[in-house]
Amino acid sequence: MSKSLPYSRIVGTGSFLPPRVVTNDALAADMATRQIETSDQWIADRTGIRQRYLAEPGVKTSALATEAARRALADAGVDASEVDLIILATSTPDFIFPSTACLVQANLGNKGAAAFDVMAVCSGFVYALTTADCFIRAGRARCALVIGAEVFSSILDWNDRGTCVLFGDGAGAVVLRASDTPGILAAQLQADGSLAGILSTAGTVAYGQVTGDPFLRMDGQAVFKQAVTVLDRSARGVVAEAGVSLADVDWLIPHQANLRILTFLARKLGVPLEKVVITVDIHANTSAASVPLALDLARRDGRVKSGQLVLLQGVGGGFTWGSVLVKM
Ligand SMILES: CC(C)(COP(=O)(O)OP(=O)(O)OC[C@H]1O[C@@H](n2cnc3c(N)ncnc32)[C@H](O)[C@@H]1OP(=O)(O)O)[C@@H](O)C(=O)NCCC(=O)NCCS
């Protein structure tokens with residue numbers, strides 16, 4: 001292996017959404033056929049969500065992830081053969097094994113890169129990005145593909161109006177390269193497994209059948225309170241570690257679960273809402289895909305610029321959370 005460089009830097013981003021847009025009105029009309037009552041007004045008032053993108057039944061996470069990865073590689077001007085590490089964050093893998101990362105690797109025509117999945121639910125992307133940064137800084141990799149991808153619609157109980165209206169499908173990816181100038185400035189990951197029960201999909205396939213509950217279940221109010229508390233603490237921790245202040249951060253890109261969570265968080269941190277990238281209105285909650293989807297969108301529409309400080313944050317099942325401070 002050639003001389004290791006001391007830092008890692010994001011050199012390209014990409015994302016992919018399945019083509020089918022489902023508005024709140026369309027979802028409410030569909031649910032009404034099953035005698036389940038909801039409305040655009042309830043969903044928009046409580047969550048800020050107006051629509052979500054849903055994969056057709058049978059479309060797998062690897063398909064969305066591969067397209068997002070191709071776009072990130074093209075943006076970076078990096079050939080798939082140069083990648084020596086693929087980390088994919090998902091809670092909706094195609095299979096128990098092989099990992100979805102290996103399936104994406106095969107789709108891209110890459111051979112030889114280390115490839116594995118990370119399971120940290122809606123914190124998955126910040127967990128994966130931090131892991132890739134550690135590999136690069138340790139000299140174990142030079143060019144990593146870090147992907148967050150979900151077909152979350154596959155684990156939703158479409159008869160449970162308290163959860164099914166909240167989520168969507170999608171994928172986002174970044175290319176992370178060894179660099180002699182700092183890109184990832186600081187990162188903090190944390191978890192509290194004693195809170196596993198407030199957000200879980202506690203079923204599995206064993207002995208030839210599904211055992212346990214195969215659908216996502218959530219104590220919405222407990223998740224809401226935890227999310228605001230830990231994201232606030234984590235944001236303060238990571239900027240302190242980097243020796244900067246919250247006022248120095250150009251863009252806050254938290255996990256997109258609920259507009260009210262984002263608003264409370266911004267207020268607690270004293271960050272103006274104009275500096276928060278918000279996609280939950282159009283994407284809904286895409287779990288591990290939400291942060292890289294939002295980052296890619298904000299780069300493409302010209303908000304996030306080279307040289308700016310961006311604070312990426314994840315929070316979700318486990319209970320897990322984390323923050324990564326990035327100089328773009
Ligand atoms: C889920 C969430 C929107 C629910 O909002 P809430 O204000 O806590 O609402 P509640 O669960 O107390 O429910 C209030 C009422 O609305 C009803 N309701 C729930 N979902 C509904 C829907 N989609 N449409 C209409 N009514 C609904 C409930 O049945 C309840 O009715 P009741 O008072 O007659 O019993 C909110 O708790 C939340 O966003 N939590 C965080 C969830 C999250 O972000 N999870 C992912 C983190 S990674």
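Whatever order the structure lists ligands and atoms in, that order sets their numbers, starting from 1. Please read these numbers as outputs of a predicted model, since none were measured by experiment.
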Please check whether S39 reaches ligand 1 - meaning an N/O of the residue sits under 3.5 Å from an N/O of the ligand, judged on distance alone. no
Which of the numbered atoms in ligand 1 are under 4.0 angstrom from any heavy atom belonging to N258? 38 (C), 39 (O)
Smallest heavy-atom separation, H255 atom then L262 atom, equals O-CD2, 3.6 Å
Going by ring-ring contact (aromatic ring centres under 6.0 Å, His included), name the pairs with one or both residues in residues 193-242, residues two or more places apart or in two chains. F224-F264
Per-atom contact, atom 30 (C) of ligand 1, protein heavy atoms, under 4.0 angstrom: no
For H255, the ligand 1 atoms whose distance to one of its heavy atoms is below 4.0 Å: 48 (S)
Regarding atom 40 (N) of ligand 1: of the candidates A222, G220, G314, which has the closest heavy atom? G220
Judging by distance only, is a nitrogen or oxygen of T47 under 3.5 angstrom from one on ligand 1? no
Please collect all salt bridge (charged side-chain N to carboxylate O under 4.0 Å, His left out) contacts where either partner lies in residues 287-299, sequence neighbours excluded, each pair once. D75-R299, D296-R300
Hey, could you give me the OG1/CG distance between T47 and D281, rounded to the nearest 0.5 Å? 9.5 Å
Salt bridge between R20 and E56, side-chain N to carboxylate O under 4.0 Å? yes
Subset of ligand 1 atoms that lie under 4.0 Å from at least one heavy atom of V315: 48 (S)
Just going by heavy-atom distances, which of W321, W42, F224, F167 is nearest to atom 4 (C) of ligand 1? W42
Select one of side chain, backbone, both or neither to describe which atoms of V121 lie under 4.0 Å from any atom of ligand 1, heavy atoms only. neither
Sole candidate of L129, I147, I87 that passes side-chain contact (heavy atoms from CB on, under 4.5 Å) when paired with V118: I87
